[in-house]
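Keep in mind that what you see is a predicted model, and the values were worked out from it rather than measured. Each chain gets a letter, A, B and so on, in the order its sequence line appears, and its residues count up from 1.
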Amino acid sequence: MIQISHLSKSFTLNRQQKKELGTTQNSVLAVDDISFECLPGRVHALLGPNGAGKTTTLRMLSTIFKPTRGTIIIDNIDAVKDPQEARKHIGFLTGSAGLYARLTPNELIAYFGELYGVSRNDIEMRKKKLYDLLDMHDFQNKRIGKLSTGMKQKVSICRTMIHDPQVVIFDEPTSGLDVITAENIIQLIRDCKNQGKTVIFSSHIMGEVDLLCDDITIIHKGKVLYNDTMEAFRAQQQTPNLTAEFIRIVHDQKTEVQ
Amino acid sequence: MIFTVFKKELRDTLRDRRTVMMMIVIPTLVFPMIMSIFMSVSESFEKKAAEKKVKIGLVSNQAGSLESDLLKVPEALGKKEFIPFTDTISLVKAIRSDSIQVGIYIPNNAEQLKRTMKPISVTVFHDGTDLGMKERADAYLTFIQENWKRERYAELKIDEAKITPFILEHSNVASSKEMIGKLAGGFLPYLFIAFGFMGCMFPAIDLFTGEKERSTIETLLTTPVPRWKILFGKMGVVVLSGLLAATFNLLGIYLSIEVLNIVKDPVVLQAIKDILSPTFIIMLYALLCPLIIFFAGIMIPIAVRAKSFKEAQSIISPLNLLIILPAMVGFFPGVELNEVTALIPVVNIVLATKELIAGTLEWHLVAMAFGVMVLLAVIAIMLSYRKFENENNVIS
């Protein structure tokens with residue numbers, strides 16, 4: 001379970017960043033007092049246009065960034081006060097993250113297993129299970145740099161799941177992937193849900209959201225615009241499809257601000 | 001966990017061709033290459049110089065005894081050919097056009113001066129840029145002068161020993177090891193320091209900026225390993241790479257003398273063997289360790305902050321100059337480790353290594369140099385820690 005309460009994050013701007021953003025302010029507020037909950041056995045969609053604060057929010061949840069204000073509780077652990085303990089419960093998969101090209105999948109998975117404190121036996125056992133599931137045996141000893149995008153994505157999945165996390169964070173995991181590779185991710189998300197894990201999922205592809213998610217949070221300019229179940233979202237829908245409804249909510253907010 | 005990170009980073013680094021080149025291949029080959037080039041060039045230069053027939057222009061209006069004695073100078077002092085000239089103007093022209101290498105002017109009254117036992121003023125014309133030619137002419141004339149002196153002593157019935165108040169002899173109390181250490185000993189620490197720095201450079205950029213550029217750092221930071229442990233694991237590899245580069249440099253020296261037999265002079269060879277003792281190697285590493293940690297500690301904050309490999313390289317590469325220039329201090333004879341130089345980073349290690357090679361260490365000065373470098377290494381580690389802890393630096 002993830003409980004986010006009054007979460008804010010501001011970044012200090014250096015001279016070059018101020019120039020690039022055309023501002024004289026010393027800091028920028030990327031996430032502004034957001035609160036929502038993600039429940040076990042459910043997939044929670046985090047949506048928002050580019051620059052809305054999704055990645056910053058997910059980076060705070062995965063404890064890469066420290067919040068400026070607010071609390072994050074992950075499986076009853078305060079992730080702000082004890083990020084190391086919280087990380088043991090989190091699996092983080094992002095579409096933009098790279099892999100160590102000079103290592104083999106076997107070496108990489110063993111490395112991350114060790115970093116998560118998983119015993120050698122458990123690493124071998126889980127590795128075998130994941131390799132079977134993702135059909136990875138053929139390329140387990142090839143250098144990652146020589147693998148195809150699809151194979152690399154399978155390695156990323158394996159790395160994310162090697163410590164069997166209870167909370168899994170997906171940040172645009174299918175961006176830039178072909179349909180077959182993306183399907184592996186979709187299947188993984190379904191499996192996580194079926195295993196009772198808490199899943200938070202950020203994507204630009206509304207079809208995936210519609211297919212997978214049980215709850216939805218829309219953020220824009222760092223603030224929460226909408227937060228409810230997918231059922232409720234569909235019920236209040238004023239437009240013919242999910243994409244149009246998302247655009248409408250964001251657009252209405254813009255109009256309100258103006 | 002530090003060791004887990006270290007192991008992985010080391011494996012990753014050793015699979016990077018560019019790093020292996022800078023860490024193993026070049027440091028191993030550089031000394032044998034420099035030595036064989038130096039040896040073959042100096043050998044061929046000496047051989048050529050000995051074989052070279054020097055053309056000597058001679059301005060003399062009479063066929064006196066000095067002229068005839070010049071013709072009789074033995075070939076052992078160098079091959080020569082005398083070409084007569086009528087005046088010094090054409091002689092100088094010929095030297096400038098390199099048709100002759102030196103010219104000797106013998107005055108018209110030379111024979112008369114010789115008879116009356118007065119000194120003859122002989123002028124040697126030479127081109128200062130044509131090395132060794134003046135010395136050749138001097139050798140011929142000195143040979144004749146010595147012969148004539150003996151003739152005059154005999155004629156005047158003078159016992160040569162009685163007019164020689166003392167015979168000057170030199171006895172060098174410095175061992176060959178000390179000679180090499182003090183005169184050429186600056187070269188070795190220069191190599192160790194330069195390669196130690198270069199050995200650190202690529203791993204530092206690859207393990208910090210590279211991780212950021214390839215977006216692998218994000219996943220690493222989501223593991224339950226404290227950042228300082230990740231930093232130390234990575235830093236360990238950077239430091240080890242620098243030490244390995246210095247080690248392979250040392251191996252190159254060993255190969256040059258033991259396997260490739262590049263050094264032929266037995267005195268120099270024995271001196272180098274004496275220098276490369278186990279005590280020297282242990283002491284060398286003790287001095288290099290804090291220096292290389294310091295190098296790693298100043299490179300890492302730059303690599304952490306840089307957004308791309310190129311940016312990191314463009315900042316760290318000029319830093320190389322700042323390190324290499326003080327390291328060159330060791331080349332100057334007479335610059336020694338003292339209470340002031342022991343406080344200057346890099347210079348102190350170069351000079352301490354030089355003293356170590358010469359076997360003339362003063363322990364309190366070495367302790368000072370070591371202490372300064374340890375202090376700087378600690379400051380550099382703290383700086384690296386601060387930069388690596390800052391999320392804005394680590395995540396692009």
Side-chain angles (χ1 to χ4, degrees), chain A residues 9 11-14 16-17 27 55-56 58-67 77 79 82-104 107-108 110-118 143-145 155-156 159-160 162-163 165 167-169 171, chain B residues 1-20 23 202-203 206-234 237 304-309 311 387-396:
Chain A
K9 176 71 184 173
F11 292 103
T12 309
L13 299 174
N14 60 33
Q16 198 189 336
Q17 287 166 326
S27 65
T55 299
T56 304
L58 296 182
R59 280 178 173 172
M60 283 191 282
L61 293 186
S62 60
T63 73
I64 299 173
F65 282 165
K66 200 173 177 180
I77 299 157
D82 192 358
Q84 254 165 264
E85 192 53 36
R87 281 180 212 144
K88 290 179 187 167
H89 299 253
I90 302 169
F92 185 61
L93 182 70
T94 137
S96 61
L99 294 165
Y100 299 107
R102 295 189 287 263
L103 297 188
T104 66
E107 290 165 345
L108 184 102
Y111 175 53
F112 275 90
E114 273 186 63
L115 293 181
Y116 278 105
V118 183
R143 296 259 176 105
I144 292 170
V155 178
S156 287
R159 178 198 56 74
T160 309
I162 192 67
H163 58 296
V167 171
V168 193
I169 300 168
D171 185 13
Chain B
M1 282 303 163
I2 295 176
F3 188 61
T4 306
V5 176
F6 175 84
K7 253 188 340 190
K8 178 262 158 190
E9 299 298 6
L10 184 62
R11 177 184 282 158
D12 204 5
T13 300
L14 289 174
R15 286 180 184 171
D16 179 28
R17 260 186 229 162
R18 194 170 30 187
T19 308
V20 169
M23 193 167 79
F202 281 112
D206 190 53
L207 299 186
F208 290 92
T209 319
E211 280 239 27
K212 212 159 122 177
E213 211 174 24
R214 294 186 293 266
S215 302
T216 47
I217 191 80
E218 212 166 322
T219 47
L220 187 60
L221 295 179
T222 57
T223 60
V225 183
R227 282 192 192 179
W228 71 268
K229 287 190 178 176
I230 296 175
L231 172 72
F232 274 48
K234 283 171 174 284
V237 174
V304 168
R305 248 188 100 86
K307 286 190 174 65
S308 66
F309 206 98
E311 187 188 333
K387 289 285 171 194
F388 196 67
E389 276 289 304
N390 187 338
E391 58 192 28
N392 292 335
N393 291 331
V394 181
I395 303 289
S396 50

Over 60° means perpendicular and under 30° means parallel, so tell me whether A:H163 and A:Y116 are parallel, tilted or perpendicular.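 Parallel: the ring planes of A:H163 and A:Y116 meet at under 30°.
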Pick one of side chain, backbone, both or neither for B:I230, based on which atoms fall under 4.5 Å of a heavy atom in chain A.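 Neither part.
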Quick check on B:K229 against chain A: is it the side chain, the backbone, both or neither that has a heavy atom closer than 4.5 Å?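 Neither the backbone nor the side chain of B:K229 comes within 4.5 Å of chain A.
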If you apply the rule salt bridge (charged side-chain N to carboxylate O under 4.0 Å, His left out), what do you find for A:K88 with A:D82, and how did you get there? CA-CA 11 Å; A:K88 290 179 187 167; A:D82 192 358; over 6 Å; no
Taking B:T223, B:V225, B:L220 one by one, which has the highest count of heavy-atom pairs under 4.5 Å against chain A?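 The residue among B:T223, B:V225, B:L220 with the greatest pair count is B:T223.
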Which one of B:E218, B:K8, B:R214 has the most heavy-atom pairs closer than 4.5 Å to chain A?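 The option with the most such pairs is B:K8.
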Within a strict 4.5 Å, meaning less than it, do heavy atoms of the A:F92 and B:L221 side chains meet?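 SC-SC contact between A:F92 and B:L221 ruled out.
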Using the rule given for salt bridge (charged side-chain N to carboxylate O under 4.0 Å, His left out), can you reason through B:R227 versus B:E389, listing the C-alpha separation, both sets of side-chain angles and the distance that settles it, and then say yes or no? CA-CA 7 Å; B:R227 282 192 192 179; B:E389 276 289 304; 5.2 Å; no
Best-contacting candidate, A:L103, A:I169, A:T160, against chain B by heavy atom pairs under 4.5 angstrom: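 When all of A:L103, A:I169, A:T160 are compared, A:L103 has the most.
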Looking at A:R102, A:E114, A:R87, which makes the most heavy-atom pairs under 4.5 Å with chain B?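 Option with the top pair count is A:R102.
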Contact origin within A:L99 toward chain B - heavy atom pairs under 4.5 Å: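 Contact with chain B involves the backbone of A:L99 alone.
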Select one option (side chain, backbone, both, neither) describing which atoms of A:T94 are under 4.5 Å from chain B's heavy atoms.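 It is the side chain, since no backbone atom gets that close.
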Excluding sequence neighbours, so at least two apart, what forms salt bridge (Lys or Arg N to Asp or Glu O under 4.0 Å) with B:R11?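 B:R11: salt bridge (Lys or Arg N to Asp or Glu O under 4.0 Å) contacts with A:E107.
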In chain order, what residues pass the side chain to side chain contact (heavy atoms under 4.5 Å, CB included) check against B:T19, with sequence neighbours excluded?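 Side chain to side chain contact (heavy atoms under 4.5 Å, CB included) check on B:T19 returns B:T13, B:D16, B:M23, B:F202, B:P203.
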